[in-house]
**Student:** 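Submitted below is the structure of interest, expressed as structure tokens.
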Amino acid sequence: MSAEVEEMLKRFQTYKNIAGIIIVDNDGIPIKTTLENTQTVHYAALMQSLVVKARQVVLDLDATNEFTLLRMRTLTHEVILAPSDDFYCIVIQKPSD
Amino acid sequence: MSAEIEDIIKRFQNYPNVVGIIIVDLFAIPIKTTMDYNLTVHYATLVSNLLSKASKMVHSLDMTNELTSLRLRTSKHEVVIVPEENFFIIVVQNPSE
């Protein structure tokens, strides 16, 4: 699994707009990150509850549906949250418009 | 305000992929909708909850930043949520792929 993760990180880091990538396991602990420690932990902690909530919202609306992606657009960045079976991925990018 | 809302609904209803549009006020009460009532109320409460959580999170990471839109992608639909000054717009669409 970690070779797959390394490859994914390397691939995304080459995009100019990407400010940071954080990979968090199901317990909310960041396993890999390209940002500095305090920021990473801050993001991971906040996103943990948001992922859980988003998943609940989707299941509540339709039990056969699955939450696949969450994109948050703010004034300065765009944060993308991609859940997976054993972990979830947080990507922070500067929108290119 | 209601002319603005009518305008928004008219604009989005023309897109073939749009399943439904809900306009919700700041108390999570649906003001206008193109979907059936029970589903609308269900969406309104769940989505408003998620939106306020995401909004708080963005503020907590950076006080000057603000959430401008939220996209929740699931295996069946995509829900786009846009907070405006006095209301939220929720659009449910079929992703065009």
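Lettering follows sequence order; numbering is per chain, from 1.
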**Student:** Give a yes or no answer on whether the side chain of A/Thr68 reaches the backbone of B/Arg73 with a donor-acceptor pair at less than 3.5 Å.
**Tutor:** yes
**Student:** With a sphere of 6.0 Å drawn around CG of B/Asp36, does it hold more than 12 non-hydrogen atoms of other residues, nucleotides or ligands?
**Tutor:** yes
**Student:** For residues B/Ile31 and B/Val18: do they belong to one hydrophobic cluster (side chain heavy atoms under 4.5 Å, members Ile, Leu, Val, Met, Phe, Trp, Tyr)?
**Tutor:** yes
**Student:** Taking only residues two or more places apart in sequence or in another chain, which ones pass salt bridge (charged side-chain N to carboxylate O under 4.0 Å, His left out) with B/Lys32?
**Tutor:** B/Glu6
**Student:** Answer with yes or no whether the hydrophobic clustering places B/Leu51 together with B/Leu72; edges join I, L, V, M, F, W, Y residues whose side-chain heavy atoms lie under 4.5 Å apart.
**Tutor:** yes
**Student:** Counting heavy-atom pairs under 4.5 Å to chain B, which of A/Gln39, A/Gln56, A/His77, A/Met47 comes out on top?
**Tutor:** A/Met47
**Student:** Once you round to the nearest 0.5 Å, how far does CG of A/Leu61 lie from OG1 of B/Thr74?
**Tutor:** 9.0 Å
**Student:** In Å, rounded to the nearest 0.5 Å, how long is the span from CG of B/Leu50 to CG of A/Leu50?
**Tutor:** 5.5 Å
**Student:** Kindly say whether A/Glu66 contributes a backbone atom to a donor-acceptor pair with the side chain of B/Ser75 at under 3.5 angstrom?
**Tutor:** yes
**Student:** Out of curiosity, A/Thr74 OG1 to B/Leu67 CG, how far, rounded to the nearest 0.5 Å?
**Tutor:** 7.5 Å
**Student:** Out of curiosity, A/Ile80 CD1 to B/Arg71 CZ, how far, rounded to the nearest 0.5 Å?
**Tutor:** 11.0 Å
**Student:** Return the option, out of B/Val47, B/Asp62, B/Val79, B/Asn49, with the maximum number of heavy-atom pairs under 4.5 Å with chain A.
**Tutor:** B/Asn49
**Student:** State plainly whether one hydrophobic cluster holds both B/Ile21 and B/Tyr15, where clusters connect Ile, Leu, Val, Met, Phe, Trp and Tyr through side-chain heavy atoms under 4.5 angstrom apart.
**Tutor:** yes
**Student:** What part of A/Val58 gets within 4.5 angstrom of chain B, counting heavy atoms only: side chain, backbone, both, or neither?
**Tutor:** side chain
**Student:** For a quick test of reading the model, state the closest non-hydrogen atom pair linking A/Asn65 to B/Lys76 and the distance between them.
**Tutor:** OD1-N, 3.2 Å
**Student:** Consider only side-chain heavy atoms of I, L, V, M, F, W and Y, link residues closer than 4.5 Å, and tell whether A/Val57 and B/Met35 are in one cluster.
**Tutor:** yes
**Student:** As an exercise, state the distance from CE of A/Met72 to CG of B/Leu61, rounded to the nearest 0.5 Å.
**Tutor:** 8.5 Å
**Student:** Quick check: are there more than 12 heavy atoms from other residues, nucleotides or ligands sitting under 6.0 Å from CD of A/Glu36?
**Tutor:** yes
**Student:** Kindly compute the distance separating CZ (A/Arg71) from CD (B/Glu78), expressed to the nearest 0.5 Å.
**Tutor:** 8.0 Å
**Student:** Give the member of B/Leu39, B/Leu70, B/Ile81 that has the highest number of heavy-atom pairs under 4.5 Å with chain A.
**Tutor:** B/Leu70
**Student:** Measure B/Thr45 against the heavy atoms of chain A and call it side chain, backbone, both or neither at under 4.5 Å.
**Tutor:** neither
**Student:** Which residue, B/Val58, B/Asn65, B/Thr68, forms the side chain to side chain contact (heavy atoms under 4.5 Å, CB included) with A/Thr76?
**Tutor:** B/Asn65
**Student:** Examine B/Leu46 and B/Val92 and state if one hydrophobic cluster contains both, with Ile, Leu, Val, Met, Phe, Trp and Tyr joined whenever side-chain heavy atoms are less than 4.5 Å apart.
**Tutor:** yes
